[in-house]
Q: 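What follows is a single structure, and I will ask about it in a moment.
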Amino acid sequence: MSSCLNEARRVAIFGGTHGNEMSGVTLVNLWVKNSAEIQRKRVETKPFITNPKAVEKCTRYVDTDLNRAFTPENLSAPGGDNLPYEVQRAQEINRLFGPKESPDAYDVIFDLHNTTSNMGCTLILESSKDHFNLQMMHYIKHPVGLEVGPQPQGMEFPPCTVEAFRVLERIDYPRDANGNIVAMDCDWEPLNPGDPMFQTFDGKTIRYHGPGTVYPTFINEAAYYEKQQAFVTTRREALVASAIRKV
Amino acid sequence: MEGKYMKDMEHISLPPLSRVAICGGTHGNELSGVYMVREMQKKKVHQTESVSITTVLSNPRAVDACRRYMEKDLNRCFTDALLSAPITDSTPYEVRRAQELNAQLGPKGTPEAVDLLCDLHNTTANMGMCLIFYSFDWIALHIYNYIQSKMTSAPVTAIQMDISETYSLESVGKHGIAIEVGPQPHGVTRADIFNLMKEAVDLTIECLQKLNSGSTFEGGKVEAYTLVKSVDYPRDPTTNNITAAIHPQLQDNDFKLLKPGDPIFLSFSGETVKHEGEELYPVFVNECAYYEKKIAFHLAKKVTVTFPSVSVKKVD
């Protein structure tokens, strides 16, 4: 079985969604100045700084986290200038690159982020059923010769399997004992029941007592302290993407 | 300060060092010190044998906001001029706070000041365990020597500030030492970094207790680093934005000798910038808070410092 999709004609590359995550800001500014590197035939790529005020202040956000602002309520909220800065920005971005879930929306958006966690390069997808995204993820990991030369008409990406980690739950810091994370720099390594998880400030170890082995990630992300999140547990899954080809 | 002690070339005798201040959160997002002070306050650590300990959260507003500072870097506010500046409505929060801290733990340069002020910091640079103190301070040198000899979990380095106009919090005490541990992102607390800092604080107090009990600490020689100059990032002349990052071969290589021709920056468009000038040691490489101070890294020379033996003269 294969999925037939329309061409992805318009792609946006966002940086500065969190104003202090520098790689995305730097790259997008470079590409705004000189877009040669991101130009491809038959694709319009638009680099864009999503949260310019936060970038200027080198802070994650000014009023509220932009990357949590794209809810239907926010996107349709009246109030204009009285709305929090990031809600106004979300509405503007939705107007320029959406509207969300409409046929006028951009085909693909890459949103560039950094983390204080030791996650290396991680791709985050909203849905495990988006075959286009799964094929794209697979390609990023295994770029096999398809880059060379013009793409023949009707080229099909065969079915593939991608290893992914599905988010299970968010674990907070121990609050009354108040502890440091012990399992540091071990994103994507298995955390087994009984393994050390936190060290309290007076030196005691708190162990993980979940029902089974999980894979923690976003371990010790600075911005998540205020979201009461020390790390996130995930489960390893193999996601199957069906073949895709252009309509 | 020199006038107070019987100072001859071989030996220094001084009164007991019985009052110590441990300060954290001088920069509100350097979290090891914040949690250290909170933990000591929770455990009500005030007195251990011969040493009475005051714990202070230096910049509580910045700690609450998890920012380095609110209006002005607190750790540059302890000059004589700022400590005696009249307070008006437009005086920055940190200047007022510096004067409060000076009243509580000083006043700087008087007999009422605490005997040792220990200020806890973190850096995003890969500096490990680093002690920072002013060059005229023999006690700080002895504490460094003691910690270096006892600490097995990590190497210990020292930066000696060779300047006459002191501006940082630890200069409020009769003796002062900053404990700087990295790498740790600002706003994050890491167990391994916290443990290093705790070990250093415990050893500092232990060192003073030994001194106070009458032991003589032999003099000797130690290696330390003295800052020579700082190097800024290459910047765009119109926007002033940085146009390069620290080169991967320099990144995380604090205290490793930098020679002429070694790469220091990699521009975002791929060009390498090389070090020119004398061989020196880079420190505070890619410290996040220094971007606004126009410092990509400091360069230091390595020095051997000779220090005299020291003992506490018991006062009747």
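Note that these values count all heavy atoms, side chains included, but never hydrogens, waters or copies made by symmetry. All chains are named by letter (A, B, ...) in the order of the sequence lines, taking the proteins before the strands, and each is independently numbered beginning at 1.
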Q: Taking atom CZ of A:R9 as the centre, report whether more than 12 heavy atoms of other residues, nucleotides or ligands fall under 6.0 Å from it.
A: no

Q: Calculate, to the nearest 0.5 Å, the distance between atoms NE2 and CG belonging to B:H186 and A:N20 respectively.
A: 12.0 Å

Q: Just wondering, are more than 12 heavy atoms of other shown residues or ligands nearer than 6.0 Å to CD in A:E126?
A: no

Q: When rounded to the nearest 0.5 angstrom, what distance separates CG in A:N29 from OG1 in B:T239?
A: 8.5 Å

Q: Between the side chains of B:K198 and A:D202, is the shortest nitrogen-to-carboxylate-oxygen separation below 4.0 Å, so that they form an ion pair?
A: no

Q: Nearest 0.5 Å, what's the OG1-CZ distance between A:T200 and B:F194?
A: 8.5 Å

Q: So which part of B:L31 gets closer than 4.5 Å to some heavy atom of chain A, the side chain, the backbone, both or neither?
A: side chain

Q: Would you sort out whether B:F268 and A:L27 count as a side-chain contact (heavy atoms from CB on, under 4.5 Å), showing the intermediate values?
A: CA-CA 8 Å; B:F268 298 128; A:L27 283 168; over 6 Å; no

Q: Counting heavy atoms not belonging to A:E163, are there more than 12 under 6.0 Å from its CD?
A: yes

Q: Can you tell me which portion of B:N195 sits under 4.5 Å from chain A's heavy atoms? Options are side chain, backbone, both or neither.
A: side chain

Q: Taking atom CD as the centre, does A:E56 end up with more than 12 heavy-atom neighbours from other residues, nucleotides or ligands that are less than 6.0 angstrom away?
A: no

Q: Does the side-chain contact (heavy atoms from CB on, under 4.5 Å) test come out yes or no for A:Q199 and B:D192, once each step is laid out?
A: CA-CA 10 Å; A:Q199 178 199 284; B:D192 52 354; over 6 Å; no

Q: Is B:K293 atom NZ crowded by more than 12 heavy atoms from other residues, nucleotides or ligands, each under 6.0 Å away?
A: yes

Q: If you define the side chain from C-beta out and look only at heavy atoms, does anything of B:T189 sit under 4.5 Å from A:Y173?
A: no

Q: Picking from A:G203, A:C58, A:A222, which has the most non-hydrogen pairs under 4.5 angstrom with chain B?
A: A:A222

Q: What do you reckon, is NZ of B:K294 surrounded by more than 12 foreign heavy atoms closer than 6.0 Å?
A: yes

Q: Between B:S269, B:C66, B:A245, B:G187, which has the largest tally of heavy atom pairs under 4.5 Å with chain A?
A: B:G187

Q: For the atom pair CE (A:M22) and SG (B:C288), what is the distance rounded to the nearest 0.5 Å?
A: 8.5 Å

